[in-house]
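Data first, discussion second: the structure below is written as structure tokens.
All values below were derived from every heavy atom in this structure, side-chain atoms included, with hydrogens, water molecules and symmetry-related copies excluded. Here is the naming used below: chain letters follow the sequence lines, and residue numbers restart at 1 for every chain.
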There are 2 protein chains.
Amino acid sequence: MTFDSDTNQNRIAAPIGITMGCPASIGPEIVLKYHQSSRAGLHMPIVVIGDIGVLEKCMHGLGLDLVLRSWRPGSKVDHAAVNVFEESGIDTGQFTFGCPTPETSRAMATYVERGVMLSRNNEISALVTCAISKLSLNQAGYEFPGHTELLASRTGAKRVAMMLAGSTLRVVPATIHCPLSRVVSLLNREDLTGLIELVAERLQEDFGIDFPRIGVAGLNPHAGESGLFGHEELEIIAPAVAEAQKRFRQTAEITGPYPPDTVFYKARCGRFDAVVAMYHDQGLIPFKLLHFDDGVNVTLGLPIIRTSVDHGTAYDIAGQGIAGISSLNSAILLAQTMAVHRAGKSC
Amino acid sequence: MTFDSDTNQNRIAAPIGITMGCPASIGPEIVLKYHQSSRAGLHMPIVVIGDIGVLEKCMHGLGLDLVLRSWRPGSKVDHAAVNVFEESGIDTGQFTFGCPTPETSRAMATYVERGVMLSRNNEISALVTCAISKLSLNQAGYEFPGHTELLASRTGAKRVAMMLAGSTLRVVPATIHCPLSRVVSLLNREDLTGLIELVAERLQEDFGIDFPRIGVAGLNPHAGESGLFGHEELEIIAPAVAEAQKRFRQTAEITGPYPPDTVFYKARCGRFDAVVAMYHDQGLIPFKLLHFDDGVNVTLGLPIIRTSVDHGTAYDIAGQGIAGISSLNSAILLAQTMAVHRAGKSC
């Protein structure tokens, strides 16, 4: 890959930014452990958007041997150190891992705000986020249910979607956090068409898949079996698939609705590059079965690249040295892949 | 294991009966291929309830080298041959694999009827069924949606349930073939309690698990997150779990409701002996992901032991020699395990 324009040179040369997540969570620990690891496959520089004092406390607690350095946008990244874009000065004397406070909650939100700003200014190539607490986010005065909505708001994105990505399976649920009984009323042809199209477009642009193959799951057992077990396949899903097929006739393979109990198996066997699922557990049950430890949460539809760890704050084990870095590792490598592809596409 | 009574001696000494399924399906082919295979792990005799002419035609078509012998209840099983309890005399001149007829449909139903009769008379120890066509069953004058309902009716069973069993996961869905939008209205505490208790009892009696550990899935994302995404966990599932716990306090571990997107992963890791799922795809998505080829369908709650292949008639490939025997192999071995345990328990 060559980079022809100055802009793309800048973008791809810029480091990946990693928000530390809630300071009281496992975020500081996994960020440090990642730096201590072999970082296999990583060829872009990385910087941490967080709190140098908290990282230092965590480092000493875990007995890690790392050098922490302050980094500012545009300055060189020291590959032998943990480069920290300092965005809070938490009083570590009053601070305990596992115990979020109003101070940590505000800091946590600030990292995300700064991450977006750096991304939009091309001072980082991609944003990787560690976990935040939705409760803390609200307590810090943010009226968003989570990361994704905050990011969509700050970037002015109109249609965003959560993709869960792993080495053998990528799923995008059409509905997420709602009771199962409400799923049917939330599905409609127009939104589903838009979602399928977004997935196709992002697989091409960000994942570098020239001719993506998307399998769309049905909603009901056996995909409704011709209306015997439900009509949503006939009335909503099949028309949405047909509509999306029109736009991507030459550039993607969009098929379905498939029986939900086989479409994920087929995807696992390599038949699809992504599966559009109709509801949270339809997508997350197979995804977590295959990628419990190393799954990545990707936000599709943002102008910036954003991947995230696929786990929570894990306050119960924060600072104990037992948190794993598989998901963070995968999130960083996927962010790198996406940054390279997006830079390549815009050359 | 020792067998103290004559009855148990008879039961365990009796062969396993395998219905051939629809004669026009892949049933004859997989039954013959199984006999041709190493039959690893099988130590009980087996007999086929089917049509010797159809098996012969299939055998010649596939170029298999097997001896077909007629078997009647009480007679010796010839281990070097395929022992066939003949229950139809299909005109093979008029017969084509892949093309069911009224004659094959009637024959298919007769095999099941005879299988039940032989089981009830202890002339076979367990019944393994190959696939039938629901359409053909109805055309043969049977007003049942499938095998399970026919078997429940013929044996007078009051509460039956479908378990899908594999080497790493066993799931029992509380609702099966209904639109997703109807699932909520079909769930109730009493039936769910009965189902959980049935699963616990059968794991003990038929699977030889003295202290079974059953995980009960929630219905909604994150198991409702304390009512945020649905109330069925609080109103139906948790009370059913509590009720079942009372009866099995000393003899089983019954827990839940668990977030659906992690309970199957936990089961796969060995945390549970079975998961009670709330709806078809909740259980079948993870099951087929892990056991697409070698899954077994077990009917819990019948007085007889019945396992079944976990695939359909596959008319499109019948007689072509490409059907796999993994599911039949697993179904036969599980039937044997269940027969041994049930005989042992009733000593």
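- Of all residues spanning residues 259-272 of chain A, those with a heavy atom less than 4.5 Å away from chain B's heavy atoms are A:Pro260, A:Asp261, A:Thr262, A:Phe264, A:Tyr265, A:Arg268, arranged by number.
- For chain B, the option among A:Met278, A:His231, A:Arg182, A:Lys288 with the highest count of heavy-atom pairs below 4.5 Å is A:Lys288.
- A distance-only check finds no donor-acceptor pair linking the side chain of A:Asn220 to the backbone of B:Pro179 [under 3.5 Å].
- With sequence neighbours left out, the ring pair (Phe, Tyr, Trp, His ring centres under 6.0 Å) criterion links B:His177 to A:His222, A:Phe229, B:His280.
- Annotation: A:Glu190, atom CD; neighbour count of heavy atoms from other residues, nucleotides and ligands within 6.0 Å does not exceed 12.
- Residue B:Glu225: no heavy atom, backbone or side chain, is found under 4.5 Å from chain A.
- Ranking B:Leu290, B:Leu228, B:Val183 against chain A, the residue ahead of the rest is B:Leu290, based on heavy-atom pairs under 4.5 Å.
- Counted within 6.0 Å of CZ on A:Arg213, heavy atoms from surrounding residues, nucleotides or ligands total more than 12; the atom is thus considered enclosed.
- One finds the CG atom of B:Leu289 at 7.5 Å from the CG atom of A:Leu169 (value rounded to the nearest 0.5 Å).
- Annotation: maximal heavy-atom pairing with chain B below 4.5 Å, among A:Gly230, A:Gly283, A:Pro221, A:Cys178, occurs at A:Pro221.
- Interface remark: A:Tyr279 contributes side-chain atoms only to the contact with chain B (heavy atom separation under 4.5 Å).
- To the nearest 0.5 angstrom, A:Gln282 atom CD is 5.0 Å from B:Ile285 atom CD1.
- The CG atom of A:Leu219 sits 5.0 Å away from atom CG of B:Leu180, with the distance rounded to the nearest 0.5 Å.
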